[in-house]
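First the structure, in the form of structure tokens, and then the observations on it.
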There are 2 protein chains.
Amino acid sequence: MYRQYLKMGINERKEREKELLQKSILTAAREVFLEKGFDQTSIRSIAQRIEYSPTTIYLYFKDKDAILFALHSEGFQLLGSKLEVLYSVENPYERLKAMGRIYIQFATDYPDYYDLMFVQKSPMNNLEDDELWKEGASAFDGLKATIQQCMDGGYLPFTDAETGAYLVWATMHGMCNLYDRGRCKVLDPEKSEKIVDLGFDEFIRMMDSFKK
Amino acid sequence: MYRQYLKMGINERKEREKELLQKSILTAAREVFLEKGFDQTSIRSIAQRIEYSPTTIYLYFKDKDAILFALHSEGFQLLGSKLEVLYSVENPYERLKAMGRIYIQFATDYPDYYDLMFVQKSPMNNLEDDELWKEGASAFDGLKATIQQCMDGGYLPFTDAETGAYLVWATMHGMCNLYDRGRCKVLDPEKSEKIVDLGFDEFIRMMDSFKK
DNA sequence: CAAATATACTTAACACCGTTAAGTTTCCAA
DNA sequence: TTGGAAACTTAACGGTGTTAAGTATATTTG
């Protein structure tokens, strides 16, 4: 009968509604996360914001880590959008320097996103043991390619692009993380507030001296 | 009466007993921490191990952060003991390289201690706002002094010893932390397991090329 | 059209957590 | 012997992630 034809439309509407709630859960999660921070982002606080019971969330996400993983992916999208301007930078070494500046700016502007993307273990629990970390990999590949071009252009003397990219990444990450975690208290108070930028400048100066 | 004379002895015994329990709480905390890790180190689990009620712990420590701070200090003592061999290294550049190796070895051998010392925010909550972070400062001063000597000896071209020390520290920290937090999945699986050492070797190679 | 069933959601509960207030036991001094 | 301080425990508060069971609603089927 004609109801058979309606069924599809109804199912589609239902699917749309499901997706809508899934999205509103994620929106609520993002709001709580950005307003209150990682620690205060609880299933219950997300549920309260969308006026559903906490258990409803489990009908749309496997567990809390799945939500955090989704937010982590959002962070990578945001970082990616900030990095887009680099396409116009043709000189690989200039691009690398700009990349570093943007990375640090991102870590400073969105410390919670940064933490979720590069420090917290929770979002990584969502990956299967053999599953690869797509978000991280594509960002890293971009860096690696630039490093390779820097090597080819004689700007940097790394023996291996991948190891070199890791080393540069680790330096940026270490500076941001030590600052974020309050470990820069050991520094001269006058320097400690702007130490990440000072460190970056010093890093650039070191790299500059490599140019063959 | 003669009891007056005993009183002091009794009070001293009581004080010794108080210290004893304080120490056994710390021992239990350390055991749980090293066996089960940071996340599983709860007041309740520590209490269970010493067979006291959880609330007793609060008679000996202000809160959980105070215990974590005590463990964090232990970590610095342990790291300090590992660094002792450096006294015999006269060449500052050789000492710096050895320092880096020991630092990485420490982070690898005692990841939980390392986390507590350089990543977790909890132990830092125990410090007053204006209070300085003694443990971190004395470790950093050791690095800074060596960096300064490297600069003086023409091994490294940093413009400022403090910023240079921070930069070197951040590089080591970044490599260790990215590895610990599972972010090295982005690397070639063949390299990822030994990436910290590979990165360190590359770092040394870079530094070597600075020698004036 | 009524009964059966599937869907969406909630309530209640479990097992944890850090922490505090109130109560109990133990010990020493007067 | 009794009063009181000190040491410790019990019970509770408000929070966490998560699951099992129950309810209401909407859809399908006989």
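Hydrogens, waters and symmetry mates play no part in the numbers below; they use all other heavy atoms, side chains included. By convention in this document, chain letters (A, B, ...) are assigned in the order of the sequence lines, proteins followed by strands, and residues within each chain are numbered from 1.
Along DNA chain C, the nucleotide nearest A:Arg44 and the nucleotide nearest A:Glu51 are compared for position; the residue whose nucleotide lies closer to the 5' end is A:Glu51. Of the two residues contacting DNA chain D, namely A:Asp39 and B:Thr56, the nearest-nucleotide position lying further toward the 5' end is that of B:Thr56. Where B:Pro54 and A:Lys62 meet DNA chain D, the nucleotide closest to each residue was compared, and B:Pro54 sits on the side nearer the 5' end.
The aromatic rings of B:Tyr110 and B:Phe106 lie tilted to each other, with the angle between the two planes from 30° to 60°. Relative ring orientation between B:Phe33 and B:Tyr113 is described as tilted, the plane-to-plane angle lying within the 30° to 60° band.
In this structure, B:Tyr58 atom OH and D:dT10 atom P are separated by 17 Å, rounded to whole Å. Rounded to an integer number of Å, the gap from B:Ile57 CD1 to C:dT20 C1' is 15 Å. Atoms CZ (A:Phe61) and C1' (D:dT18) sit 16 Å apart, rounded to a whole Å. Residue A:Lys64 contributes atom NZ, which lies 13 Å from atom C1' of C:dC17 at whole-angstrom precision. The interatomic distance linking B:Ile43 (CD1) with C:dG18 (P) rounds to 6 Å, in whole Å. In this entry the distance linking CG of B:Leu59 with C1' of D:dA5 reads 14 Å, nearest Å. The CG atom of B:Asp63 sits 17 Å away from the P atom of C:dC17 (whole-angstrom rounding). Nucleotide C:dA8 holds its P atom 11 Å from the OH atom of A:Tyr52, rounded to whole Å.
Salt-bridge formation is not detected for the pair A:Arg30/A:Glu35: no Lys NZ or Arg NE/NH1/NH2 atom is positioned less than 4.0 Å from an Asp or Glu carboxylate oxygen. In summary, A:Asp109 and A:Lys82 do not engage in a salt bridge, as defined by a charged side-chain N under 4.0 Å from a carboxylate O.
Taking side-chain N and O atoms only, A:Tyr60 has a distance below 4.0 Å to OP1 or OP2 of C:dC9. Side-chain N/O atoms of A:Thr55 include none lying less than 4.0 angstrom from OP1 or OP2 on C:dT11.
Among the heavy atoms of the strands lying under 4.0 Å from B:Ser53 is at least one base atom, whether or not backbone atoms are also near.
When the options A:Phe118, A:Phe200, A:Phe203, A:Phe140 are evaluated for a ring-ring contact (aromatic ring centres under 6.0 Å, His included) with A:Tyr103, the one that passes is A:Phe118.
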